[in-house]
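Taking it in order: structure first as structure tokens, then the write-up.
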Number of protein chains: 2
Amino acid sequence: MTPRKKQSSAPSPHAVSMADLARELGVSMTTVSRALSDHHSIGAATKQRVLKLAKKLNYQPNHLAAALRKGQSRLLGVVVPYIEGKFFPSVIQGIEQAASKAGFSVIVCQSHEDVQLERRNVETLLHAQVAGVLVSLARNTLEFHHFDKVRERGIPLVFFDRIPASEFVNSVVLDDRAGGFAATNHLLEQGCRRVAHLAGPQHLNIYRQRQQGYLDALAAHGLEPQQELIIYSDMTQEEGAQATRQLLTLANPIDGIFGAGDSVILGALQTLKGQGIRVPRDIALAGFSNEGFTAITEPRLTSVDQRCEEMGEAAVRLFLELAAAPEAQFQQRQVVLQPELFIRESSLQAVG
Amino acid sequence: MTPRKKQSSAPSPHAVSMADLARELGVSMTTVSRALSDHHSIGAATKQRVLKLAKKLNYQPNHLAAALRKGQSRLLGVVVPYIEGKFFPSVIQGIEQAASKAGFSVIVCQSHEDVQLERRNVETLLHAQVAGVLVSLARNTLEFHHFDKVRERGIPLVFFDRIPASEFVNSVVLDDRAGGFAATNHLLEQGCRRVAHLAGPQHLNIYRQRQQGYLDALAAHGLEPQQELIIYSDMTQEEGAQATRQLLTLANPIDGIFGAGDSVILGALQTLKGQGIRVPRDIALAGFSNEGFTAITEPRLTSVDQRCEEMGEAAVRLFLELAAAPEAQFQQRQVVLQPELFIRESSLQAVG
DNA sequence: TTGTACGCGTTATCAG
DNA sequence: CTGATAACGCGTACAA
């Protein structure tokens with residue numbers, strides 16, 4: 001009815017702005033802004049007055065407005081394939097902590113292993129005006145044009161774990177090759193002579209590297225790699241079971257399996273037990289990811305830990321560096337973390 | 001060097017705004033705005049021209065500015081205790097899908113079971129100017145003043161799963177009591193006569209309800225509840241093991257255990273197997289949450305499924321209703337979902 | 001149907 | 001050290 005009528009002292013129901021503080025104190029908005037952002041040229045007394053009133057009126061800064069003005073928000077966008085299991089939640093945990101320390105909030109989107117959704121996620125994040133984008137690729141992402149927009153806008157872009165194949169990007173990865181080596185080497189040191197490998201999709205860097213580590217270990221022990229011992233799949237539990245059945249038909253029997261994931265090894269374990277084959281005595285097992293369930297199975301599963309939290313932290317650190325030096329983002333910068341092998345009963349040959 | 005010099009036609013490197021489109025087309029910003037938001041009073045021809053140029057110049061709407069203008073963003077804030085395990089990821093999945101359908105993006109924050117962090121999360125979300133807040137409480141949240149600010153700002157607030165004890169709030173919950181009943185009743189029907197209960201912290205609604213369901217089932221079978229059969233803990237695997245050891249010392253032996261969570265039952269299972277007690281023949285087991293690992297253990301664990309995705313969807317629906325009718329948010333509105341019992345070997349008495 | 005002008009809450013620039 | 005003023009990009013009464 002009387003839209004223009006100035007409410008004298010009753011604060012507007014939603015939100016109290018810098019203007020309100022300024023009016024109340026009889027100073028300018030500039031002064032208020034400076035007091036709140038701890039600018040150097042501000043009287044100590046004035047500053048205190050402002051801060052006090054701000055607390056009293058429960059002033060909440062409108063970050064949207066600040067972001068609009070500065071063309072930069074304090075939001076960090078993260079795109080991951082999924083958040084089930086142990087790996088991604090833990091990485092996100094690392095991201096959140098490091099981001100929070102630097103004053104950033106985190107938005108998480110899931111691509112559900114679908115490029116289409118990944119594309120939309122990137123759009124969403126750009127719409128939200130994020131200050132940076134952290135991505136782990138969907139399984140079927142083979143083309144990367146949807147990330148061009150991010151770069152074009154000058155927004156720092158960091159890939160982690162699953163990174164583009166042959167692109168000039170900034171990234172944080174685990175030394176998957178070293179992990180594959182450690183696991184396979186361990187099996188060989190336990191006395192295995194014919195170790196099979198349940199490999200993942202080879203267009204993903206991580207699975208290529210894990211296989212490479214497997215091959216390295218064989219070579220280090222003077223063994224020839226054999227076609228029939230390497231089985232490719234999407235590494236589900238089901239596929240692990242199937243692959244294992246296939247391996248059991250070989251004339252020359254195997255005595256160890258290194259899987260590029262834990263689920264695939266879980267499938268293997270269940271199949272072996274179902275057939276009365278003893279683990280690790282007959283066939284020893286080692287997986288990758290150190291999932292929670294590796295400590296539940298019987299026997300418990302040996303697995304490679306991926307330093308999840310560290311990866312998240314490293315990704316944020318890299319983002320912060322890129323944000324500080326905008327022109328640096330066209331460089332290729334790669335952080336490599338060292339994995340750690342967790343040895344459990346599935347791979348330990350009884351002593352004596 | 002020449003900061004004020006107007007670049008004639010070269011678009012500014014970052015972002016192309018409505019003003020750019022308007023200038024290029026020789027129309028006003030209003031027209032552009034209307035064309036883009038599909039306003040009714042806009043010439044079809046003009047609209048096409050605008051849309052075409054927008055696509056050509058790769059115009060990206062600045063949602064921040066829109067949000068600032070309208071005092072409302074299209075962001076939905078979610079606070080959960082953690083994202084490990086199955087439950088919360090699945091709920092979030094449900095939230096994301098429903099939110100996306102309604103044109104909202106989702107920010108997820110973890111409280112890590114810490115009220116302090118939960119408080120900060122709420123602040124963060126308010127700073128991000130979210131349009132709504134969806135919360136599942138931290139384990140040690142006993143006071144709820146940090147949510148007052150949300151209400152004061154007129155932002156829809158929906159609790160799910162772990163909700164405040166005696167507060168007038170809008171919420172989505174599972175019928176935990178029915179779940180507790182179903183699981184316990186099933187054990188009793190399988191022939192158990194002395195069923196113990198591994199209970200959770202009673203200040204959390206969900207665990208109170210599950211215990212209530214346990215008691216209901218006992219009563220339905222004409223059994224008296226007994227103090228010594230109910231053991232309270234935080235329901236970790238470790239505590240499940242410990243509680244089980246304690247139960248095994250009872251003079252009058254038990255023949256079944258219903259746990260308010262799956263981890264606690266996992267601990268029980270391992271302890272029982274370690275002591276050579278057969279499951280389910282000697283003692284039958286049933287848990288709650290239908291975690292992934294319930295299908296891995298030997299025997300596999302009977303458990304109550306929580307309809308995670310549905311819960312997420314329901315929470316978003318409730319949010320949308322509140323957003324549509326702002327005055328309704330002080331009502332108490334509760335959506336209750338029905339659980340489903342997944343029966344596996346841990347509770348099945350061999351026939352004959 | 002289209003255009004003008006203002007304000008959302010903040011910060012940067014410049015002048016005092 | 002402080003204040004006035006102009007943006008940031010968008011939506012919307014109001015006028016044409």
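Naming convention: chains lettered A, B, ... in sequence-line order (proteins, then strands); numbering from 1 in each chain.
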Heavy-atom donor-acceptor pair, Arg69(A) side-chain to dA12(C) base, under 3.5 Å: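 No, no donor-acceptor pair under 3.5 Å.
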Please report, rounded to the nearest Å, how far the P atom of dC8(D) is from the CG atom of Leu68(A).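 Going from CG in Leu68(A) over to P in dC8(D) covers 9 Å.
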Separation of dC8(D) C1' from His63(B) NE2 (nearest whole Å):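 One finds 16 Å between C1' of dC8(D) and NE2 of His63(B), rounded.
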From Val91(A), Leu318(A), Ile163(A), residue fulfilling side-chain contact (heavy atoms from CB on, under 4.5 Å) relative to Val172(A):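 Of the listed options, the one satisfying the test is Leu318(A).
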Let me check the geometry of the helix from dT1(C)-dA16(D) to dG16(C)-dC1(D). What is the bend angle between the axes at its two ends, five pairs each, to 10°?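 Inter-axis angle at the termini of the helix from dT1(C)-dA16(D) to dG16(C)-dC1(D): 40°.
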Quick one: pull up [atom1] in [X] and [atom2] in [Y] and give me the separation to the nearest 0.5 Å.
| X | Y | atom1 | atom2 | answer |
| --- | --- | --- | --- | --- |
| His146(B) | Asn121(B) | NE2 | CG | 9.0 Å |
| Cys109(B) | Leu134(B) | SG | CG | 12.0 Å |
| Arg34(A) | Ser41(A) | CZ | OG | 4.5 Å |
| Ser105(A) | Arg120(B) | OG | CZ | 9.0 Å |
| Asp161(A) | Ser171(A) | CG | OG | 10.5 Å |
| Ile95(A) | Glu309(A) | CD1 | CD | 11.0 Å |

With a non-hydrogen cut-off below 4.0 angstrom, is Met18(B) in contact with a base, only sugar-phosphate, or nothing?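 Sugar-phosphate contact only - Met18(B) comes under 4.0 Å of backbone atoms but never of a base.
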Ionic contact status for Lys101(A) with Glu313(A), cut-off 4.0 Å: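 Here Glu313(A) does not pair with Lys101(A) in a salt bridge, since their nearest N and O are not under 4.0 Å apart.
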Lys70(A), nearest nucleotide to its side chain (from dC8(D), dA12(C), dG11(D)):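 Within the option list, the nearest is dA12(C).
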Contacting residues from residues 29-58 of chain A, given that a heavy atom lies under 4.0 angstrom of DNA chain D: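 The answer is Thr30(A), Thr31(A), Arg34(A), Ser41(A), Ile42(A), Gly43(A), Thr46(A).
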